[in-house]
A.B. asks: 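Below: one structure in structure tokens.
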Amino acid sequence: MTDGPDGIRLDKWLFFARVFKSRAIAVERIEAGGVRVNDQPCNKPGKLVRPGDRIVVSAFGHVRALEVAALGHRRGPATEAQGLYLDLDEQA
């Protein structure tokens, strides 16, 4: 699977959104079963995610629920990364 105009690899998006410090850590967590996409377990780092997808990440003793707002093109500063998602935990 490759990035396309309508989607981006899950591991890349998690890295760009600064959920994990590296893509390697994102891959490990995805393959270990710590990530769900649209309420479905996902263990494939190459799964394409699109704006509107809901991602639940269980890592480091915390669970975060995020909605993809934008795909991103790089790992930028934290302020840029925060624009890539809506934190569903804060909206509750």
A.B. asks: What pairs with R50 under salt bridge (charged side-chain N to carboxylate O under 4.0 Å, His left out), at least two apart in sequence or on another chain?
C.D. replies: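 By the salt bridge (charged side-chain N to carboxylate O under 4.0 Å, His left out) rule, R50 matches D6.
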A.B. asks: Distance from E67 atom CD to I55 atom CD1, nearest 0.5 Å?
C.D. replies: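 One gets 10.0 Å once the value is rounded to the nearest 0.5 Å.
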A.B. asks: Is the shortest heavy-atom distance from the side chain of K12 to the side chain of R23 under 4.5 Å?
C.D. replies: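 A side-chain contact exists here, since the closest heavy-atom pair is under 4.5 Å.
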A.B. asks: Once you round to the nearest 0.5 Å, how far does NZ of K44 lie from CG of L10?
C.D. replies: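 Rounded to the nearest 0.5 Å, the NZ-CG separation comes out at 12.5 Å.
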A.B. asks: Where is the tightest heavy-atom contact between A69 and P51, given as atom of each residue plus distance?
C.D. replies: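 Here A69 and P51 meet closest at O-CB, 4.0 Å.
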A.B. asks: Between Y85 and V68, is any pair of side-chain heavy atoms under 4.5 Å apart?
C.D. replies: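 Heavy-atom side-chain distance check fails, nothing below 4.5 Å.
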A.B. asks: With the 4.5 Å side-chain cut-off for hydrophobic clustering, are L66 and F60 part of the same group?
C.D. replies: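 Yes.
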A.B. asks: Give the C-alpha distance, both sets of side-chain angles, the deciding distance and a yes or no for side chain to side chain contact (heavy atoms under 4.5 Å, CB included) between V56 and R64.
C.D. replies: CA-CA 6 Å; V56 176; R64 291 183 72 187; over 6 Å; no
A.B. asks: List the atom pairs, with distances to 0.1 Å, where a side-chain N or O of residues 71-78 and a protein N or O form a donor-acceptor pair under 3.5 Å, not counting sequence neighbours.
C.D. replies:
from	atom 1	to	atom 2	distance (Å)
R74	NE	E80	OE2	3.3
R74	NH2	E80	OE1	2.7
R75	NH1	F15	O	2.6
R75	NH1	F20	O	3.1

A.B. asks: Distance-only check: which donor-acceptor pairs under 3.5 Å involve side-chain atoms of residues 25-43, not counting sequence neighbours?
C.D. replies:
from	atom 1	to	atom 2	distance (Å)
R29	NE	S58	O	2.6
R29	NH2	S58	O	3.0
R36	NH2	D39	O	2.7
N38	OD1	R54	N	2.9
N38	ND2	D53	OD1	3.1

A.B. asks: Atom CG of L84 and atom CZ of R18: how far apart are they, to the nearest 0.5 Å?
C.D. replies: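 Result: 10.5 Å between the selected atoms.
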A.B. asks: Only one of I8, V49, V57 clears side chain to side chain contact (heavy atoms under 4.5 Å, CB included) with L14; which?
C.D. replies: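 Of all the options given, the one that passes is V57.
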